[in-house]
Amino acid sequence: MIPQQYAGYVFAFFMSFIMSGVMSLFISLINIGAVDGIVGIWLRAWALAFTVAFPTVTAVSPLVRRLVVICVEAPKSEANPGGVPGSN
């Protein structure tokens with residue numbers, strides 16, 4: 001097993017692996033269709049996409065986490081379940 005301290009990298013690996021595979025297949029099919037040899041074309045595209053996706057996900061994760069904190073509402077406290085200031 002991989003130590004917990006590397007969980008972020010493991011997440012980035014699997015997320016970029018799956019997303020680059022799905023996206024490269026989709027884009028290959030949109031651009032050239034289901035032609036003979038599409039599997040080989042897709043696998044080459046996937047390999048190239050993954051070599052960009054993994055470092056990109058790893059590098060931008062801290063920025064994305066900050067953007068999520070900015071965009072997502074903080075949980076309501078138990079002392080103030082309605083979230084209305086001054087209602088407790």
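- Within 6.0 Å of CG in D36 there are 12 or fewer heavy atoms belonging to other residues, nucleotides or ligands.
- One hydrophobic cluster, built from ILVMFWY side chains closer than 4.5 Å, cannot hold both F14 and V64; they sit in different ones.
- Evaluation of the salt bridge (charged side-chain N to carboxylate O under 4.0 Å, His left out) test over residues 61-73, restricted to residues two or more places apart or in two chains, returns E73-K76.
- Placement of M23 and L48 in two distinct hydrophobic clusters is found when ILVMFWY residues are connected by side-chain heavy-atom separations under 4.5 Å, directly or transitively.
- Below 30°, between 30° and 60°, or above 60°: for W46 and F17 the angle between ring planes is between 30° and 60°, a tilted geometry.
- The environment of CG in L63 is crowded: more than 12 heavy-atom neighbours from other residues, nucleotides or ligands sit within 6.0 Å.
- In terms of hydrophobic clustering, with Ile, Leu, Val, Met, Phe, Trp and Tyr side chains grouped at heavy-atom distances under 4.5 Å, M19 and L29 are assigned to different clusters.
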### Task
Could you please spell out the steps behind the ring pair (Phe, Tyr, Trp, His ring centres under 6.0 Å) verdict for Y9 and F54?
CA-CA 9 Å; Y9 293 107; F54 180 61; 7.4 Å; no
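- The main-chain N or O of F26 is never found under 3.5 Å from a side-chain atom of W42 such that the two would form a donor-acceptor pair.
- The environment of Q4 atom CD is sparse: at most 12 non-hydrogen atoms of other residues, nucleotides or ligands sit within 6.0 angstrom.
- One finds the OG atom of S24 at 11.5 Å from the CG atom of N31 (value rounded to the nearest 0.5 Å).
- Rounding to the nearest 0.5 Å places CD1 of I38 at 3.5 Å from CD1 of I32.
- Of all heavy-atom pairs between T56 and V52, the closest is OG1-O, 2.6 Å.
- Residues L25 and I41 share a single hydrophobic cluster, defined by chaining ILVMFWY side chains whose heavy atoms lie under 4.5 Å apart.
- Both V39 and V35 are part of a single hydrophobic cluster, where members link through side-chain heavy atoms under 4.5 Å apart.
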